[in-house]
Amino acid sequence: IEQPTFPKITEMCVKMIRRVNDEEGIKKLVNETFQKLWFTPTPHHDKEAMTRKILNITDVVAACRDTGYDWFEQLLQNLLKSEEDASYKPVKKACTQLVDNLVEHILKYEESLSDSDNKGVNSGRLVACITTLFLFSKIRPQLMVKHAMTMQPYLTTKCSTQNDFMVICNVAKILELVVPLMEHPSETFLATIEEDLMKLIIKYGMTVVQHCVSCLGAVVNKVTQNYKFVWACFNRYYGALSKLKNQHQEDPNSTILTANKPALLRSLFTVGALCRHFDFDQEDFKGNSKVNIKDKVLELLMYFTKHSDEEVQTKAIIGLGFAFIQHPSLMFEQEVKTLYNSILSDKNCSVNLKIQVLKNLQTYLQEEDTRMQQADRDWKKVAKQEDLKEMGDISSGMSSSIMQLYLKQVLEAFFHNQSSVRHFALNVIALTLNQGLIHPVQCVPYLIAMGTDPEPSMRNKADQQLVEIDKKYAGFIHMKAVAGMKMSYQVQQAINSCPKDPVRGFRHDESSSALCSHLYSMIRGNRQHRRAFLISLLNLFDDTAKTEVNMLLYIADNLACFPYQTQEEPLFIMHHIDITLSVSGSNLLQSFKESMVKDKKKERKPSSDEETESDSNSGSGSESEEEASKPRRLRKRVDSDSDSDEENDINAVMKCLPENSAPLIEFANVSQGILLLLMLKQHLKNLCGFSDSKIQKYSPSESAKVYDKAINRKTGVHFHPKQTLDFLRSDMANSKITEEVKRSIVKQYLD
């Protein structure tokens, strides 16, 4: 392979490897391809082949820096699992070779970093190599045990660039996994690691602190038991927080507090991070003291969540999230419930605070999942005969109770105009569902709604959750489909950046596909479910349903653009539109006629007796009704496309309009549903090329096979209900009644 072709190979590898979780056939191909490409042992003498392999792997890892490395972990797990019971293990051998050679390459890059010309390139390569080693350590930490001492000095890297920080973070993550597996490591080595980590915790920012405290947790809790060392660090930051709290209580506007803000932010974060990895209520830390450390930490952090500075509030909430991982029971405290739920449900609350609360819940669930998986693995090693399920239930019971407390507010966060808020809310719900912590039926409408999100990654994630639910619980999707569509309209309303523009129900791209097309494709396979769903949607257009006009437009858009496959589907809709029109349409025209009078000049406000009399006569063939029915007889002239005839019709009806304009606005509002159905029927007729006779002949009771033919869709047919769009854009429902508005309503009636 020539050097210049590397970028192309990297690009191809990235595209292929991302499909490692695809359907079985593709998954098998991906595994086989990369087993041959990367995970087949290389002959020891062929250094060139090994170098090519190392460069290719690290290039792919570097290319995926922003999208995550789940694919690598999945691929490695798949391949190692496939040879678990085999006597010859080529993948394991190849991994050992790769790890050993990656370490060699790191040492080479380290040497060449003194060469200023290639500093940037080699620094990037160094990061890619160490990241790749971390990924191997995550799946098989034993491979790195013999290299731990080689990695330790990288903790003292001088940080001047982003790459330097990434080196430190990845080395800390590697040592966290590897040091506990070392047999009899030297005390000097361990003491050096502890001191290096402590220096980094004190000196650098959030990301470094987080990874170094995590590494320190593994080294101290599992190997050195050097609790006094950690206790001293904790007291340093806890003491600083207590002092700053007292100063703030004495004088919230003190200039000392402003000057000490960086120290306050660092203390809030570090106290939380230390509480995540160490239980300071153990005797090993606090000795015989009766003070409850976790409650004291909660009190301190909660105090700063009420601070006037949003940055301080955010750091305090981050600290709380860390503490809750060690002590989940704190999330049941009333003040914590009030804090979390008020931040999530308050529409005026800062987006950053909402995101942080959702991130806290996400991290807690991820950590809980990791903890349970590890406990399962440990349990299996110790005693296969024990009841594993019982062991897991204690922990999952706590998670389930916690998520029940916050579920409603997390789901409601889907209706936020900021995509980042929706993103984290969806992550929390996906984790909750994957861990089986709640009954999925309550999430179905919200997931249907999120399936209409403008961002493909989010709607794919929501759709995937629906597919999983449908596999386990048949019928749940259908049961909540209409509620889901209504909720998707609410999501679209929240996202709509221009409130004056009506919310539409199709994608504004080349496909013009319905926003709820995935929902329809899940339901359409079952004829009974499909028909019930379509009838429920069409019933919303009935004047008695009192559905708001924009929602009707949204549903009509979806019905116009659903991915219909057989002729039966649109024909069934058109058949039911005719039924709805024959009842609702006739009632609507009749109510409009009844509101009209013979001559506006003669109209006056009647007394109550006269009103009763006129009501009793409304059904008789009075002159007033004869006059009102005129426009109906004039309809032939409207069809002749003569403008003057249409004007005559409009003028004839205008003379009969009552003084009280409320019935007019009511008619204009209610008639939108009827107009949309008329337009929808015409659109489906044009789209599918149906003749009037075919539509008339259709009967829903006929055998399914008769209309099983595939639809021959016409291209360039778009659904554009102009009258309804004009009605919404002009906000006619709230308009002042002018002559122009009256003429518009009369035209609507004649149409």
Side-chain angles (χ1 to χ4, degrees), residues 68 206-207 210 268-269 272-273 276 298 301-302 304-306 310-328 330-333 335-370 398-435 437-438 440 442-443 445-447 449-455 457-462 464-465 487 490-491 494-495:
M206 282 199 305
T207 311
Q210 207 170 331
L268 287 167
F269 186 86
R276 174 178 179 171
L298 178 67
L301 294 173
M302 284 301 296
F304 286 105
T305 60
K306 299 173 184 73
E310 190 188 302
E311 203 179 349
V312 174
Q313 285 179 287
T314 306
K315 282 289 188 294
I317 291 169
I318 291 172
L320 281 174
F322 287 152
F324 296 159
I325 290 168
Q326 181 71 246
H327 304 288
L330 292 175
M331 280 192 266
F332 294 114
E333 295 290 330
E335 56 182 336
V336 175
K337 285 193 282 185
T338 306
L339 174 74
Y340 270 24
N341 285 335
S342 62
I343 287 173
L344 289 175
S345 54
D346 182 0
K347 286 179 180 170
N348 300 318
C349 188
S350 147
V351 169
N352 289 335
L353 296 183
K354 279 184 195 290
I355 289 171
Q356 195 51 59
V357 168
L358 291 167
K359 275 184 179 176
N360 282 4
L361 291 170
Q362 175 183 305
T363 309
Y364 164 69
L365 290 170
Q366 286 169 335
E367 200 71 21
E368 204 56 38
D369 191 37
T370 307
M398 170 82 80
S399 309
S400 180
S401 304
I402 287 166
M403 285 320 298
Q404 295 292 350
L405 288 178
Y406 303 107
L407 182 68
K408 187 175 186 298
Q409 282 74 16
V410 173
L411 288 168
E412 294 294 325
F414 283 176
F415 305 121
H416 201 280
N417 60 349
Q418 292 281 336
S419 65
S420 47
V421 175
R422 301 195 302 275
H423 168 81
F424 284 107
L426 183 59
N427 282 356
V428 172
I429 295 303
L431 283 164
T432 307
L433 288 169
N434 292 342
Q435 291 177 38
L437 303 178
I438 53 165
Q442 56 201 314
C443 297
Y446 292 92
L447 290 169
M450 278 305 285
T452 66
D453 197 278
E455 294 195 20
S457 61
M458 279 203 263
R459 60 175 182 260
N460 291 344
K461 192 166 194 171
Q464 189 56 44
Q465 290 297 323
M487 220 171 254
Q490 288 175 272
V491 167
I495 293 168

Q.
Treating Arg422 as the side-chain partner and His416 as the backbone partner, does any N or O pair qualify as donor plus acceptor under 3.5 Å?
A. yes

**Q.** CA sep, side-chain torsions, deciding dist, call: Gln465, Asn434, side chain to side chain contact (heavy atoms under 4.5 Å, CB included)
**A.** CA-CA 9 Å; Gln465 290 297 323; Asn434 292 342; 3.6 Å; yes

(Q) We want to know whether Gln313 and Thr305 form a side-chain donor-acceptor pair, criterion being a heavy-atom distance below 3.5 angstrom. (A) no

Q.
Can you give me the closest heavy-atom contact between Gly319 and Leu301, atom names plus distance?
A. C-CD1, 3.7 Å

Q.
Can you confirm whether Leu426 sits close enough to Phe414 that some side-chain heavy atom of one is under 4.5 Å from a side-chain heavy atom of the other?
A. yes

Q: Verify the neighbour count for atom NZ of Lys306: are there more than 12 heavy atoms of other residues, nucleotides or ligands below 6.0 Å?
A: yes

Q: Flag the pair Val336 / Leu298 as yes when at least one side-chain heavy-atom distance between them is below 4.5 Å, and no otherwise.
A: yes

Q) Taking side chain as C-beta onward, heavy atoms only, is Leu353 less than 4.5 Å from Ile317? A) yes

Q.
Nearest 0.5 angstrom please: Leu407 CG to Ile438 CD1, how far?
A. 4.5 Å

Q) Any side-chain heavy-atom pair from Gln418 and Val421 closer than 4.5 angstrom? A) yes

Q: To the nearest 0.5 angstrom, please state how far the CE atom of Met487 sits from the CG atom of Leu411.
A: 8.0 Å

Q. What's the verdict on side-chain hydrogen bond (donor to acceptor under 3.5 Å, both in side chains) for Gln356 and Asn360, showing C-alpha distance, side-chain angles and the deciding distance?
A. CA-CA 6 Å; Gln356 195 51 59; Asn360 282 4; 3.1 Å; yes

Q) Does the Gln435 side chain pair with the main chain of Leu365, one donor and one acceptor, at a distance under 3.5 Å? A) yes

**Q.** Option passing side chain to side chain contact (heavy atoms under 4.5 Å, CB included) with Phe324 (candidates Arg276, Glu367, Met331)
**A.** Met331

Q. Is the closest side-chain donor-acceptor distance between Lys461 and Asn427 under 3.5 Å?
A. yes

Q.
With a 4.5 Å cut-off on side-chain heavy atoms, are Phe332 and Met398 touching?
A. yes

Q. Any side-chain heavy atom of Leu358 within less than 4.5 Å of one from Leu344?
A. yes

Q: Could you tell me which non-hydrogen atom of Gln409 sits nearest to which non-hydrogen atom of Leu405, and how far apart they are?
A: OE1-O, 3.9 Å

Q: Please confirm whether the backbone N or O of Met450 pairs with a side-chain atom of Arg459, one donor and one acceptor, at under 3.5 Å?
A: no

Q) Does the side chain to side chain contact (heavy atoms under 4.5 Å, CB included) test come out yes or no for Lys408 and Gln442, once each step is laid out? A) CA-CA 9 Å; Lys408 187 175 186 298; Gln442 56 201 314; over 6 Å; no

Q: For Thr207, enumerate each residue passing the side-chain contact (heavy atoms from CB on, under 4.5 Å) test, keeping only those at least two apart in sequence or located in another chain.
A: Cys169, His211

Q: Could you tell me the separation between the CG atom of Leu431 and the CE atom of Met403, rounded to the nearest 0.5 Å?
A: 9.0 Å

Q. Got a second to check how far Leu433's CG is from Leu447's CG, nearest 0.5 Å?
A. 6.0 Å

Q: For Ile429 and Cys443, work out which heavy atoms get closest and say how close.
A: CG2-SG, 4.2 Å

**Q.** Among Ile343, Leu320, Asn341, side chain to side chain contact (heavy atoms under 4.5 Å, CB included) partner for Val357
**A.** Ile343

Q | Spacing of Met458 atom CE and Thr452 atom OG1 [to the nearest 0.5 Å] | A | 10.5 Å

Q) Which atoms form the tightest heavy-atom contact between Ala462 and Gly451, and what is the distance? A) CB-N, 3.8 Å

Q | Nearest-0.5 Å distance that lies between atom CZ in Phe269 and atom CE in Met206 | A | 5.5 Å

Q) Which heavy-atom pair separates Ser420 from Ile355 by the least distance, and what is that distance? A) OG-CD1, 3.3 Å

Q) Does a donor on one side chain and an acceptor on the other come within less than 3.5 Å for Glu455 and Ser419? A) yes

(Q) Can you confirm whether Phe322 sits close enough to Gln210 that some side-chain heavy atom of one is under 4.5 Å from a side-chain heavy atom of the other? (A) yes

Q) Taking the side chain as C-beta and beyond, is there a heavy-atom pair between Phe415 and Tyr446 under 4.5 Å? A) yes

**Q.** Residue pair Glu335, Leu339: steps toward the side chain to side chain contact (heavy atoms under 4.5 Å, CB included) verdict
**A.** CA-CA 6 Å; Glu335 56 182 336; Leu339 174 74; over 6 Å; no

